[in-house]
Amino acid sequence: MADFEKLYKTAEELSSFSLPDYDSLPEIELYMDQLTGYLNKLLCKICKSEDGTPLTPNRINNYVKDGRIARPVQKKYAKDQIAMLYMLCCTKQNLALPEASALLSMLDENGTEPLYGEFRSLQEEIVKNCARELSDTERDEKALRAKALELVLRSTAERFIAEAIIASLAPQETAPEKKEKQKKEKKK
């Protein structure tokens, strides 16, 4: 038997989903343990990692090493890095890391603050719409199974289209550039 009460409580909670605006992100720069605690608290509202583990220091260090986010200054992370990490973790839910990073890089032409503001508004709107769709679904197992299938198929199609858009907009490396990049990586 389905636990309708828990399911619709989740929908109710998501209907009031909100993120802190850029100015409400921590004013003080955060050390790694503070950063992971803060971001995991935000991420648990809407995102799950594919392996079920929260954002770890190791993952953040890898993002820094790969140039996906800016290096911390004296082991402290500022607002831009916090915002970028949040957006990266959310987009990585449906995209591979290179595509998620490429998308955010393409959108970051005016700086992290306006990008985060747009991201925040859009994510809140989408989450609330999905919560409304769930609330409007009949409270019977057949209707819920159909809604789950619709959501999965829609997200699959949307991911495919998003990947195609990113691939068409991402700068393409020429063969000589690719060889040069490989040479540099081998030297490291």
Side-chain angles (χ1 to χ4, degrees), residues 10-30 32 34-57 59-73 76-134 151-152 154-171:
T10 298
E12 186 179 317
E13 289 170 0
L14 290 176
S15 68
S16 61
F17 174 78
S18 67
L19 290 171
D21 62 18
Y22 186 85
D23 290 334
S24 297
L25 292 175
E27 286 292 324
I28 60 168
E29 295 177 341
L30 303 178
M32 181 65 79
Q34 297 166 317
L35 177 68
T36 55
Y38 180 77
L39 284 172
N40 282 328
K41 188 175 174 183
L42 286 181
L43 291 166
C44 76
K45 295 178 182 179
I46 194 67
C47 297
K48 288 191 321 191
S49 65
E50 58 275 353
D51 61 3
T53 59
L55 183 61
T56 62
R59 279 196 187 149
I60 294 171
N61 286 332
N62 287 337
Y63 297 160
V64 170
K65 283 180 199 171
D66 291 346
R68 311 248 183 236
I69 63 161
R71 293 196 170 281
V73 176
K76 294 180 187 175
Y77 294 83
K79 278 186 182 189
D80 277 2
Q81 293 151 310
I82 295 167
M84 192 56 76
L85 269 168
Y86 177 82
M87 293 184 292
L88 184 60
C89 289
C90 288
T91 54
K92 203 169 91 53
Q93 295 293 303
N94 290 313
L95 296 171
L97 183 58
E99 286 83 12
S101 182
L103 175 61
L104 293 173
S105 293
M106 285 187 263
L107 294 169
D108 194 20
E109 58 192 28
N110 296 320
T112 304
E113 182 176 355
L115 172 59
Y116 177 78
E118 291 173 29
F119 186 98
R120 175 182 168 259
S121 295
L122 189 57
Q123 186 179 37
E124 287 177 359
E125 178 186 336
I126 290 168
V127 169
K128 289 174 182 177
N129 287 339
C130 286
R132 192 171 20 264
E133 281 185 41
L134 177 56
L151 291 169
V152 167
R154 188 168 67 195
S155 71
T156 300
E158 289 170 344
R159 177 183 177 168
F160 179 81
I161 293 168
E163 288 172 339
I165 292 169
I166 294 165
S168 71
L169 295 175

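Worth knowing before you read on, the calculation uses all heavy atoms, side chains too, and leaves out hydrogens, waters and symmetry mates.
Residues satisfying the side-chain hydrogen bond (donor to acceptor under 3.5 Å, both in side chains) criterion with N94, sequence neighbours excluded, are absent altogether. When the salt bridge (Lys or Arg N to Asp or Glu O under 4.0 Å) test is applied to E124, the partners found at least two apart in sequence or on another chain are R120. Partners of K128 according to the side chain to side chain contact (heavy atoms under 4.5 Å, CB included) rule, which considers only residues two or more places apart in sequence or in another chain, do not exist here. Not counting sequence neighbours, the partners of D21 by the side-chain hydrogen bond (donor to acceptor under 3.5 Å, both in side chains) test are S24. Residues satisfying the salt bridge (Lys or Arg N to Asp or Glu O under 4.0 Å) test with R159, not counting sequence neighbours, are E163. Looking at residues two or more places apart in sequence or on another chain, you find a side chain to side chain contact (heavy atoms under 4.5 Å, CB included) between A11 and L134, S135. The side chain to side chain contact (heavy atoms under 4.5 Å, CB included) test applied to E133 returns K147, E150, L151, R154, not counting sequence neighbours. Y86 meets the side-chain hydrogen bond (donor to acceptor under 3.5 Å, both in side chains) test with Q123; sequence neighbours excluded.
Note: M87 CE to K92 NZ = 15.5 Å, rounded to the nearest 0.5 Å. Rounding to the nearest 0.5 Å gives a distance of 4.0 Å between CG of L122 and CD1 of I126. Between the CG atom of L169 and the CG atom of L103 there is a distance of 9.0 Å, given to the nearest 0.5 Å. Rounding to the nearest 0.5 angstrom, the gap separating the CD atom in E158 from the CD1 atom in I165 is 10.5 Å. L104 CG to I69 CD1: the interatomic distance, rounded to the nearest 0.5 Å, is 11.5 Å. Within the model, atoms CD1 of I166 and CD1 of I161 stand 12.0 Å from one another, a figure rounded to the nearest 0.5 Å.
Shown here for L88 and A100, the closest heavy-atom pair between the two residues is CD1-CB, 4.1 Å. Closest heavy-atom contact between C90 and L43: SG-CD2, 3.9 Å. Between T36 and T56 the shortest heavy-atom distance is CG2-C, 4.0 Å. Here the closest non-hydrogen pair linking A170 and M106 is N-SD, 4.1 Å. Residues P20 and Y116 approach most closely at O-OH, 2.7 Å, considering heavy atoms.
No side-chain heavy atom of C89 sits under 4.5 Å from any side-chain heavy atom of L39. Residues F119 and L107 are not in side-chain contact: their nearest non-hydrogen atoms beyond the backbone lie 4.5 Å or more apart.
Between the side chains of R132 and N129, at least one donor-acceptor pair of N or O atoms lies under 3.5 Å.
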Q: Would you sort out whether I46 and L14 count as a side-chain contact (heavy atoms from CB on, under 4.5 Å), showing the intermediate values?
A: CA-CA 8 Å; I46 194 67; L14 290 176; 4.1 Å; yes
Distance-only criterion, 3.5 Å: show the donor-acceptor pairs between side-chain atoms of residues 77-85 and protein atoms not counting sequence neighbours.
{"from": "K79", "atom 1": "NZ", "to": "Y22", "atom 2": "O", "distance (Å)": "3.4"}
{"from": "K79", "atom 1": "NZ", "to": "D23", "atom 2": "O", "distance (Å)": "3.3"}
{"from": "K79", "atom 1": "NZ", "to": "E27", "atom 2": "OE2", "distance (Å)": "3.0"}
{"from": "D80", "atom 1": "OD1", "to": "Y22", "atom 2": "OH", "distance (Å)": "2.3"}
{"from": "Q81", "atom 1": "OE1", "to": "A78", "atom 2": "N", "distance (Å)": "2.6"}
{"from": "Q81", "atom 1": "NE2", "to": "A70", "atom 2": "O", "distance (Å)": "3.0"}
{"from": "Q81", "atom 1": "NE2", "to": "R71", "atom 2": "O", "distance (Å)": "2.8"}

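The closest donor-acceptor contact from the side chain of S155 to the backbone of V152 lies under 3.5 Å. Under a 3.5 Å cut-off, the side chain of S121 and the backbone N or O of E118 do not form any donor-acceptor pair.
Listed by first and then second residue, the salt bridge (Lys or Arg N to Asp or Glu O under 4.0 Å) pairs that reach into residues 94-117 come to none, sequence neighbours excluded.
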